[in-house]
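Not measured: the values here are computed from a predicted model. Below, chains carry the letters A, B, ... as their sequence lines are ordered, and counting in each starts from 1.
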Amino acid sequence: MQYSKLLIPTLKETPSEAEAVSHILMIRGGYIRQLAAGLYISLPLFLRVMEKINTIIRQEMNRIGAQEFSMPVLHPAEVWQKTGRWDAIGDEMFRLKDRTDRDMCLAMTHEEIMTWLAAKELRSYRDLPQMWYQIQTKLRDEARPKSGILRTREFIMKDSYSFDADEEGLNKSYELHAQAYHRIFTRAGLLFYQVESDPGMMGGTTAHEFMAPSDAGEDEIAICGRCGYAANVELAVSVPPDYAPVDMPFEEVHTPRMKTVDEVSRFLGLPPLSFIKSLLLITKDAPVLALLRGDEELHEKKIQRVIGPYRPAHKDEIVEILGVEAGFIGPVNMINKEIRIIASTSIKTGLYAGGANKTDYHLKGINPEVHFQADWHDIRVIRQDERCVRCGAALKIQRVIEIGNIFKLGTKYSVPLSAVYLNKEGAEIPIIMGSYGIGPARVAAAAIEQNHDENGIIWPVSIAPFPVLILPLSTGDNETIKAADVICAALNSRHIDFLIDDRDIRPGIKFKDADLTGIPYQIIIGAKNLKDGLVEIKDRRTKETTKMPPDKAVEYVSRLIIVI
RNA sequence: CGGGGCGUAGCGCAGUCUGGUUAGCGCACCUGCCUUGGGAGCAGGGGGCCGGAGGUUCGAAUCCUCUCGCCCCGACCA
């Protein structure tokens with residue numbers, strides 16, 4: 001392919017709206033252009049990258065026996081009403097009406113439609129298992145599109161769905177997907193982790209996410225370098241930091257105007273670790289008192305799993321419910337005995353100081369389970385370097401991009417949509433489902449985040465728009481053109497895809513664009529080296545160049561670009 | 001949805017606080033010369049509804065009101 005025949009609008013300067021490295025380089029490299037918030041145009045180079053990624057995905061999905069489909073993006077409301085998601089999902093769903101005033105929506109995902117089809121076409125245990133997938137457009141009216149193509153309102157997703165007769169079958173389909181995902185992301189040249197994740201509103205039992213480390217990511221995971229424990233921080237657990245209990249008598253102490261753990265800690269000469277931090281939360285049904293150790297932070301998602309949706313109590317509500325100002329509340333001697341107490345497991349043993357439920361007073365020597373009763377849960381935010389619950393090694397917290405996820409759905413969709421089969425005994429059984437996603441554009445973005453330098457992108461060969469770029473430095477030089485022709489012909493005969501920069505411009509610009517667009521290998525043809533019958537091969541990643549005759553160069557490059 | 005920032009040529013920005021010639025700079029673009037191994041040089045040139053609407057004023061890119069858009073933080077992310 002000739003450079004002059006492709007639109008590759010590279011930019012010397014960084015566009016002001018871009019912040020993430022992948023976003024900046026995709027715009028500067030002439031890969032994407034923005035149409036509106038969360039809506040991007042794929043230029044020819046980016047389309048090639050996406051095709052490479054999608055090809056890898058197809059190969060690996062087909063390999064585990066999945067079949068490719070194509071589903072409509074415009075859906076009738078009824079199907080979504082049957083599963084309850086028409087009402088459960090809010091503004092994030094694009095909704096519209098057709099000319100007959102029928103409610104419609106744009107696809108956010110395809111559980112409903114896939115299950116609708118399964119309900120229609122799958123009848124017998126003999127039809128199972130099935131794995132169906134597509135690489136299809138999804139639309140979500142995101143509250144906040146961000147970071148270029150990492151979070152957009154319209155995007156391509158590989159989504160697949162498994163249909164099994166029983167749990168055992170589901171486990172197998174799930175495991176096959178996990179294996180396929182490992183192969184896909186490895187082939188795409190990514191560093192990634194498979195982590196335990198919160199099934200959340202997908203409503204399943206088990207879920208994992210595939211996470212690519214990058215500062216541009218929106219999620220955080222905890223990983224153990226020794227035993228391999230890895231989990232989204234939303235549910236990651238750890239051993240709380242060591243705490244040697246301080247011995248103190250059970251007594252009330254005067255602490256005038258001391259409201260924060262910090263203030264009281266300094267005033268009483270006790271470390272923050274020997275304090276109980278009390279927070280009043282308001283749920284739909286009743287107030288809840290949450291207890292943490294003085295150095296801990298409440299994990300919103302973790303406590304939400306215990307008490308449901310909640311919000312922190314307002315100042316006047318605290319006085320109203322507990323009869324004392326915030327800052328002096330605590331689990332002992334509460335005037336309201338009905339309040340449920342949820343406490344962090346880290347304070348189950350030891351002696352602590354906490355609010356006395358009396359203005360300007362705290363209690364020392366509080367002995368949990370002696371002085372108060374509570375439901376014990378892991379409700380703390382874990383921190384870097386805390387110890388792994390499995391092996392005791394230090395945990396690392398890492399920012400990541402979610403590139404894929406796998407969910408065990410069970411019968412959440414098959415039951416409302418009547419996707420059932422008849423077993424050997426003739427009984428009608430709901431199909432057990434799983435759902436699995438990959439964001440190909442996120443794979444591309446993660447690849448850039450993980451593979452770039454100050455000059456631009458460094459694509460892994462497997463997903464590069466072209467594996468090889470030929471740079472004839474002077475298009476006015478006959479010898480250069482001749483050498484380029486020889487190389488092109490040799491590459492063609494080997495069926496190696498390549499881009500040749502045939503533009504009649506200064507060499508400096510060719511070099512800059514070459515590095516920016518990130519094609520992994522460059523064959524540089526310059527008049528000076530050509531006098532010795534040589535061209536150069538440059539490895540974009542190492543910046544190393546090797547000189548050799550043109551015919552050898554093709555041979556050499558063809559070995560470099562072999563990918564699994 | 002809450003908080004913050006920004007809209008001036010294709011891109012990056014100055015000018016706005018403190019209203020006043022014809023709105024400016026760099027890059028890009030066009031013409032010519034020159035140059036050809038890391039975004040050259042010289043000369044000439046084209047390109048603007050200063051996001052939009054309303055207002056204040058003799059006079060508005062600049063002040064006021066409303067509005068639209070984009071980015072960042074947070075909430076949200078089935």
Under-3.5 Å donor-acceptor pair between A/E536 side chain and B/G37 base | yes
Kindly indicate, with the supporting measurements, whether the criterion side chain to side chain contact (heavy atoms under 4.5 Å, CB included) is fulfilled by A/R442 and A/E402.
-> CA-CA 8 Å; A/R442 285 187 172 186; A/E402 181 187 349; 3.7 Å; yes
Select base, sugar-phosphate, or nothing to describe what A/P9 touches, counting heavy atoms under 4.0 Å on all strands.
-> nothing
Rounding to the closest angstrom, what is the interatomic distance between B/G26 and B/A43 at atom P?
-> 12 Å
If you look at every strand shown and take non-hydrogen atoms under 4.0 Å, does A/D513 touch a base, only sugar-phosphate, or nothing?
-> base
If you look at every strand shown and take non-hydrogen atoms under 4.0 Å, does A/N529 touch a base, only sugar-phosphate, or nothing?
-> base
Considering only atom C1', compute the distance from B/G4 to B/C42 and round it to an integer number of Å.
-> 47 Å
Spacing of the P atoms in B/G47 and B/G10 (rounded, Å) | 12 Å
Which nucleotide sits closest to the side chain of A/R28: B/C11, B/A75, B/G39?
-> B/G39
Which part of the nucleic acid, if any, lies within contact of A/K538, taking any heavy atom under 4.0 Å across all strands shown: a base, the sugar-phosphate backbone alone, or nothing?
-> base
Out of B/G37, B/G12, B/G39, which nucleotide sits closest to the side chain of A/F511?
-> B/G37
Plane angle bin for A/H75 and A/W80 - parallel if under 30°, tilted between 30 and 60°, otherwise perpendicular | parallel
Would you classify A/A143 as touching base, sugar-phosphate or nothing, given that sugar-phosphate means primed atoms plus P, OP1 and OP2, and contacts are heavy atoms under 4.0 Å?
-> base
Could you give the distance separating B/U8 and B/G3 at their P atoms, to the nearest angstrom?
-> 24 Å
Taking atom C1' in both B/A61 and B/A78, compute the distance separating them and give it to the nearest angstrom.
-> 46 Å
When A/A18 and A/P15 are each assigned the nearest nucleotide of RNA chain B, the 5'-most assignment goes to A/P15
Looking across every strand, which nucleic acid part, if any, lies under 4.0 Å from A/L35 by heavy atom: base, sugar-phosphate, or nothing?
-> nothing
Distance, P atom - from B/C73 to B/C11, rounded to whole angstrom | 23 Å
For B/C29 and B/C72, measure between their C1' atoms and round to the nearest Å.
-> 32 Å
For A/R153, answer base if it contacts any base atom (sugar-phosphate contacts may also be present), sugar-phosphate if it contacts only those atoms, and nothing otherwise; contact means non-hydrogen atoms under 4.0 Å.
-> nothing
Parallel, tilted or perpendicular, as decided by the 30° and 60° cut-offs, for the rings of A/Y31 and A/F46 = perpendicular
Describe the nucleic acid contact of A/Q34 in one word from base, sugar-phosphate, nothing, applying a heavy-atom distance below 4.0 Å.
-> sugar-phosphate
Should we say atom CD of A/E17 is surrounded by more than 12 heavy atoms from elsewhere, each under 6.0 Å from it?
-> yes
If you look at every strand shown and take non-hydrogen atoms under 4.0 Å, does A/A36 touch a base, only sugar-phosphate, or nothing?
-> sugar-phosphate
Rounding to a whole Å, what distance do you find between A/E142:CD and B/A78:C1'?
-> 11 Å
Please determine, for B/C27, whether a Watson-Crick or G-U wobble partner exists with both distances under 3.5 Å, and give it or none.
-> B/G10
Side-chain atoms of A/E92 come closest, of B/C73, B/G38, B/A78, to B/A78
What nucleic acid atoms does A/T480 come within less than 4.0 Å of, heavy atoms only: base, sugar-phosphate, or nothing?
-> nothing
Can you tell me how far P of B/G12 sits from CD1 of A/I24, to the nearest Å?
-> 12 Å
Which nucleotide in the list B/G12, B/U35, B/U36 gets nearest to the side chain of A/R506?
-> B/U35
From B/G38, B/G74, B/C71, nucleotide with atom closest to A/A37 side chain | B/C71
Is A/R102 salt-bridged to A/E78, going by a charged N under 4.0 Å from an acidic O?
-> yes
Expressed as a whole number of Å, how far does the P atom of B/G55 sit from that of B/C76?
-> 44 Å
Rounded to the nearest 0.5 Å, what's the gap from CE on A/M108 to CD on A/E92? Could you check?
-> 4.5 Å
Please work out which of the three classes, parallel, tilted or perpendicular, describes the rings of A/Y436 and A/H177, given edges at 30° and 60°.
-> parallel
Ranking A/Y40 and A/S16 by the position along RNA chain B of their nearest nucleotide, the one closer to 5' is A/S16
Side chain of A/K12 - closest among B/U36, B/A78, B/G39 = B/G39
Sugar-phosphate only, base, or nothing, as touched by A/K146 at under 4.0 Å among non-hydrogen atoms = sugar-phosphate
Which of these nucleotides, B/G39, B/U36, B/A78, is closest to any side-chain atom of A/M108?
-> B/A78
Taking the side chain of A/E17 as its heavy atoms from C-beta onward, which of B/G39, B/C70, B/A78 lies nearest to it?
-> B/C70
